[in-house]
Amino acid sequence: MPAQTVATAFQRHFGYAASLLVRAPGRVNLIGEHTDYNLGYVLPAAIDKEIYFAVGLNSGSEIRLVSHDLNDCCTVAVDQLHRTDTQWANYLLGVAAQLQKRGVVLAGFDCVFGGNIPVGAGMSSSAAVECGLAFALDQLLGTHIDKMTLAHVAQKAEHEYAGVMCGLMDQFASLFGRPSQVVRLDCRSLEYEYFPFDTGACRIVLCNSGVKHSLADSEYNKRRQECERGVHILQQHYPEVKSLRDATLAQLEQHQAEFDAVTYRRCRYVVQENQRVLDACASLQRHDLAGFGQLMHASHAGLRDDYEVSCTELDVLEEAARGLPGVYGARMMGGGFGGCTINLVAPEQVDSFISTVSQAYQRRFGRELETYQTSIVGGVSEADINELPVVNKTAPAPEDCA
């Protein structure tokens, strides 16, 4: 049990029992890829791959952090917060620094964290780390910061301390998730709406391609530039178009001759993907999983052909899933050039699906396929530490974490 493991590790490291236990989930994005920085729509959900935090105030002036999974420690003075050479610690220290910037008076605290979110599989373990600590410190210090502000605190931590210029979706999903519901976020207004997802009728299965191509970062930046170029062209005719979120397919088609072929395809994908998110939500309201799944396949085709951020491994996985019994839909998930496909599968067909797709992947690439079954859960929350078994009534001597 991760919660018990982390609570036990806290007492072992620091010599006293944690006063607070927090769980922070990872996330999936069902549809709406590369729409966030175009101020469009995304449709994420929190999942049951989680990170647990055991925390307590230490009556001192230091922040003492322990990564249980990496068996590593980091200690920094509260009044000397800075980025360190310990990359995992920067995600946490960045959160503390952002709270300080907002006027929160930090006290010394101890934290042990660990969990079961696979790193590098596109489930946003980094956002869970940031949001879990942000929530924990808000509880410990009694600052009563609203969840949307905590999401921005976590996002800024990743920008300034981890050096990753992420959007808000990952942190938002980790904090705002609800059981058996997905949440549509408007990345322009930050308005959001929940939609039912029948976890009894459908399981979410992730298939990890096991690859991450080196061109991902540079190509990501190129896509952003191409989208901005398209907006600039459209603004000559439609001043109200501030981002591709504001553009319509009819506007694009009317002025296609002014676009180079690549920029046109990029913009067409984004405009169509935004509409797919809206259509997908309507499908969920009708309990039409088959209709939702067809939109996922269309999303993958757009990402493959128009946005060109897929890769052979992801295409093989999506194609292998297409048409299998009980498979509603499949597509690549995330920035692209590797990572996972997300698949919606009827519960009674999950084992058969995993076996068939794994065999197809093995035949094509000669390596085993890693898969994860997930369900939709609530966002970051406090776990009841009183329900944990008593580990040691007499606290052991703390381990050195200097």
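A quick note: this is a predicted structure, and the numbers were derived from the prediction, not measured.
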Side chains of Leu185 and Asp36 in contact at under 4.5 Å (non-hydrogen atoms): no
Test item: Ser61 side-chain N/O and Gly108 main-chain N/O as donor-acceptor pair under 3.5 Å: no
Residue pair Tyr328, His297: steps toward the ring-ring contact (aromatic ring centres under 6.0 Å, His included) verdict: CA-CA 9 Å; Tyr328 297 106; His297 286 296; over 10 Å; no
Contact summary for Gly26 and Ala128, nearest pair of heavy atoms: N-CB, 4.4 Å
Asn208 (side chain) donor-acceptor with Glu370 (main chain) under 3.5 angstrom: no
Any side-chain heavy-atom pair of Asp306 and Gln272 under 4.5 Å: yes
Between Asp48 and Ser375, a side-chain donor and acceptor under 3.5 Å: yes
Check: Cys340 main-chain N/O paired with Ser209 side-chain donor or acceptor under 3.5 Å: no
Polar side-chain atom of Asn90 near backbone of Thr84 as donor-acceptor pair, under 3.5 Å: yes
Donor-acceptor under 3.5 Å (Glu62 side chain, Val78 main chain): no
Shortest non-hydrogen separation from Lys49 to Met123 and the atoms involved: CG-SD, 4.0 Å
Sidechain-backbone polar pair: Gln171 side chain, Ala127 backbone, donor-acceptor under 3.5 Å: no
Polar side chain donor-acceptor pair, Ser243 to Asn38, under 3.5 angstrom: no
Derivation of the side chain to side chain contact (heavy atoms under 4.5 Å, CB included) call for Gln373 and Ile354: CA-CA 10 Å; Gln373 298 182 49; Ile354 290 174; 3.8 Å; yes
Pair Ile342-Arg331, side chain to side chain contact (heavy atoms under 4.5 Å, CB included): steps then yes or no: CA-CA 6 Å; Ile342 178 170; Arg331 71 174 190 90; 3.8 Å; yes
Any side-chain heavy-atom pair of Leu324 and Gln349 under 4.5 Å: no
Donor-acceptor pair, side chain of Asn29 and main chain of Gly334, under 3.5 angstrom: no
Heavy-atom closest contact (Glu368 atom, Gln362 atom, distance): N-OE1, 3.4 Å
Side chains of Asp315 and Thr312, donor plus acceptor under 3.5 Å: no
Within 6.0 angstrom of Asp146 CG, more than 12 heavy atoms from elsewhere: yes
Candidate pair Tyr16 and Phe10, rule ring-ring contact (aromatic ring centres under 6.0 Å, His included), full reasoning: CA-CA 8 Å; Tyr16 67 99; Phe10 184 96; 5.1 Å; yes
Side-chain donor or acceptor of Gln155 paired with backbone N/O of Cys166 under 3.5 Å: yes
Heavy atoms of other groups near His232 NE2, more than 12 under 6.0 Å: no
From Trp88, Tyr52, Tyr91, residue fulfilling ring pair (Phe, Tyr, Trp, His ring centres under 6.0 Å) relative to Phe113: Trp88
4.5 Å side-chain heavy-atom contact, Leu168 and His152: yes
Stepwise side-chain hydrogen bond (donor to acceptor under 3.5 Å, both in side chains) test for Thr143 and Asp138: CA-CA 5 Å; Thr143 47; Asp138 179 62; 2.6 Å; yes
Short side-chain to backbone donor-acceptor contact, Asn58 and Gly60, under 3.5 Å: yes
His68 and Phe53 aromatic centres sub-6.0 Å: no
Residue Glu258 excluded, over 12 heavy atoms near CD under 6.0 Å: yes
Chi angles and distances behind the salt bridge (Lys or Arg N to Asp or Glu O under 4.0 Å) call for Arg367, Glu313: CA-CA 11 Å; Arg367 58 178 182 266; Glu313 293 87 350; 3.8 Å; yes
Verdict with supporting geometry, Leu137 and Leu99, side chain to side chain contact (heavy atoms under 4.5 Å, CB included): CA-CA 9 Å; Leu137 290 178; Leu99 290 174; 3.7 Å; yes
Among Ile117, Leu92, Val95, side-chain contact (heavy atoms from CB on, under 4.5 Å) partner for Val129: Leu92
Distance-only donor-acceptor check, side chains Thr86 and Asp72, under 3.5 Å: no
Heavy-atom closest contact (Arg229 atom, Asp260 atom, distance): NE-OD2, 3.8 Å
Name of the residue among Gln11, Arg12, Gln4 meeting side-chain hydrogen bond (donor to acceptor under 3.5 Å, both in side chains) with Thr8: Gln4
Atom CG of Asp85: over 12 foreign heavy atoms under 6.0 Å: no
SB check Glu348 Arg203 (cutoff 4.0 Å): no
Nearest atoms (heavy-atom pairs only) where Ala162 meets Gln87: O-NE2, 3.4 Å
Ring-face cation of Arg276 near Tyr41 (centre distance under 6.0 Å, axis angle within 45°): no
Shortest non-hydrogen contact between Ala96 and Leu106, atoms and distance: O-CD1, 3.4 Å
Whether Tyr37 and His34 hold their rings parallel, tilted or perpendicular, with breakpoints at 30° and 60°: perpendicular
Residues Phe172, Tyr192; criterion ring-ring contact (aromatic ring centres under 6.0 Å, His included); working and verdict: CA-CA 10 Å; Phe172 172 84; Tyr192 55 93; 5.4 Å; yes
Ion pair Asp246/Arg188, N-O distance below 4.0 Å: yes
Six-ring centre of Phe176, Lys147 cation under 6.0 angstrom, axis tolerance 45°: yes
Lys/Arg N to Asp/Glu carboxylate O, Glu308 vs Arg304, below 4.0 Å: no
Any donor-acceptor N or O pair under 3.5 Å, side chains Asp186, Ser189: yes
Criterion salt bridge (Lys or Arg N to Asp or Glu O under 4.0 Å) on Glu160 and Lys101, from CA distance to verdict: CA-CA 12 Å; Glu160 297 182 12; Lys101 282 188 176 183; 2.7 Å; yes
Val380 side chain reached by Pro25 side chain, heavy atoms, under 4.5 Å: yes
Polar side chain donor-acceptor pair, Glu273 to Ser299, under 3.5 angstrom: yes
Geometric class of the Tyr307/Tyr269 ring pair [parallel <30°, tilted 30-60°, perpendicular >60°]: tilted
Backbone of Ser352 reached by a side-chain donor or acceptor of Ser355 within 3.5 Å: no
Residue pair Arg268 / Glu253, side-chain heavy-atom distance below 4.5 Å: no
Gln139/Val22 under side chain to side chain contact (heavy atoms under 4.5 Å, CB included): CA gap, chis, key distance, verdict: CA-CA 10 Å; Gln139 296 292 307; Val22 169; 5.5 Å; no
